[in-house]
Amino acid sequence: MKTIIALNVIAHGDERLPERFWEKTRIGASGCWEWTAQIAHHGYARYRVGHRSGRAHRVAYEALVGPIPMGLVLDHLCRVRHCVNPAHLEPVTNRENLLRGAGASLKTHCPKGHELKGENVAIHPRGNRYCRECHRARNRAWYARSRAAKLGGAS
């Protein structure tokens, strides 16, 4: 017995999004639905719904696929930030999205020049990597300031 799984095929121009949305897209060579209207400073497509402006890829995903699960973000599998094709989007944790991202895992040194590898790299609960040496230095400086404030205020 053969099992057939029917996948929702989402076509460019789907009626679940208004014509106004589709007028702002074009199909790229890689299959991306490239946003041709407003692009935010980080390269993400912006779309206004009523009086609110949001990210167009989220609007497309929620209209054509369904709600984005709580605690997850949409990762552009195509790595094209202005792509609004839901087939190119995957809900993942913010940590996973950052680790997959171009540049996040490519950084070899922090802004202060410390190497980001081994024991010197840590991952924040939000998913971003950080330099442990710089983190310890910030903590020491904060402790020194707070201790000086306590000693200065006690006299």
Side-chain angles (χ1 to χ4, degrees), residues 1-139 142:
M1 180 175 187
K2 206 180 223 183
T3 303
I4 299 173
I5 299 173
L7 298 175
N8 280 343
V9 177
I10 301 168
H12 187 269
D14 190 294
E15 294 175 352
R16 290 174 285 178
L17 282 167
E19 183 63 32
R20 184 176 144 267
F21 181 92
W22 297 114
E23 290 169 354
K24 300 172 188 313
T25 65
R26 71 168 173 249
I27 300 175
S30 63
C32 288
W33 297 350
E34 297 171 354
W35 193 252
T36 60
Q38 183 185 7
I39 305 288
H41 67 280
H42 288 298
Y44 291 100
R46 303 290 297 169
Y47 181 66
R48 184 173 294 280
V49 179
H51 295 290
R52 293 186 53 193
S53 179
R55 295 200 169 162
H57 68 282
R58 293 178 61 88
V59 171
Y61 188 91
E62 290 176 340
L64 302 175
V65 176
I68 300 164
M70 185 68 92
L72 300 183
V73 297
L74 294 177
D75 180 25
H76 283 84
L77 300 174
C78 58
R79 312 296 340 124
V80 179
R81 290 181 175 177
H82 63 280
C83 174
V84 297
N85 184 344
H88 293 191
L89 303 171
E90 179 184 14
V92 296
T93 63
N94 193 46
R95 180 181 190 277
E96 179 67 23
N97 192 28
L98 289 168
L99 291 173
R100 287 180 178 182
S105 59
L106 300 178
K107 285 185 181 177
T108 58
H109 292 78
C110 77
K112 299 270 187 193
H114 305 126
E115 200 168 14
L116 290 175
K117 74 175 194 178
E119 292 295 316
N120 192 45
V121 67
I123 299 178
H124 191 276
R126 287 181 294 204
N128 54 312
R129 299 181 326 147
Y130 65 90
C131 172
R132 283 192 169 153
E133 191 170 335
C134 289
H135 185 72
R136 284 190 294 272
R138 278 191 302 276
N139 284 347
W142 174 85

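Values reported hereafter were calculated over all heavy atoms of this structure, with side chains retained and with hydrogens, waters and symmetry mates removed.
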Separation of [Y] [atom2] from [X] [atom1] (nearest 0.5 Å):
X: His135; Y: Asn120; atom1: NE2; atom2: CG; value: 11.5 Å
X: Leu77; Y: Arg79; atom1: CG; atom2: CZ; value: 7.0 Å
X: Lys112; Y: Cys110; atom1: NZ; atom2: SG; value: 8.0 Å
X: Lys24; Y: Glu19; atom1: NZ; atom2: CD; value: 11.0 Å
X: Ile10; Y: Leu64; atom1: CD1; atom2: CG; value: 5.0 Å

Indicate the atoms forming the closest heavy-atom contact of [X] with [Y], along with that distance.
X: Ile39; Y: Ala45; value: CD1-CA, 4.2 Å
X: Arg129; Y: Ile123; value: CG-CG1, 4.1 Å
X: Glu62; Y: Pro67; value: CG-CA, 4.3 Å
X: Arg16; Y: Ala63; value: CD-O, 3.8 Å
X: Ala60; Y: Val84; value: CB-O, 3.4 Å
X: Pro91; Y: Tyr61; value: CG-OH, 3.2 Å

Quiz prompt | Partner of His76 by ring-ring contact (aromatic ring centres under 6.0 Å, His included), out of His57, His42, His88 | solution =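 Among His57, His42, His88, the one that satisfies the ring-ring contact (aromatic ring centres under 6.0 Å, His included) with His76 is His57.
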Quiz prompt | Main-chain N/O of His12 paired with Trp22 side-chain donor or acceptor, under 3.5 Å | solution =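 The answer is no, because no donor-acceptor pair under 3.5 Å joins these two groups.
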Note, [X] side chain near [Y] side chain (heavy atom, < 4.5 Å):
X: Pro86; Y: Trp33; result: yes
X: Lys117; Y: Thr108; result: no
X: Leu17; Y: Val59; result: yes
X: Cys131; Y: Val121; result: no

Quiz item: Taking atom CD of Glu15 as the centre, does the number of heavy atoms from other residues, nucleotides or ligands within less than 6.0 Å exceed 12?
Solution: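 No, because the 6.0 Å sphere around CD of Glu15 holds 12 heavy atoms or fewer from other groups.
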Quiz prompt | Over 12 foreign heavy atoms within 6.0 Å of CD, Glu119 | solution =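 Result for CD/Glu119: open.
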Exercise. For the residue pair Trp35 and Tyr47, categorise the inter-ring angle as parallel (less than 30°), tilted (30 to 60°) or perpendicular (more than 60°).
Key: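 Perpendicular.
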Quiz item: Among Thr93, Leu89, Asn97, which residue meets the side-chain contact (heavy atoms from CB on, under 4.5 Å) test with Asp75?
Solution: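 Exactly one pass, corresponding to Asn97.
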Quiz item: Arg46 and Ser53: side-chain donor and acceptor closer than 3.5 Å?
Solution: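 Yes, side-chain donor-acceptor contact under 3.5 Å.
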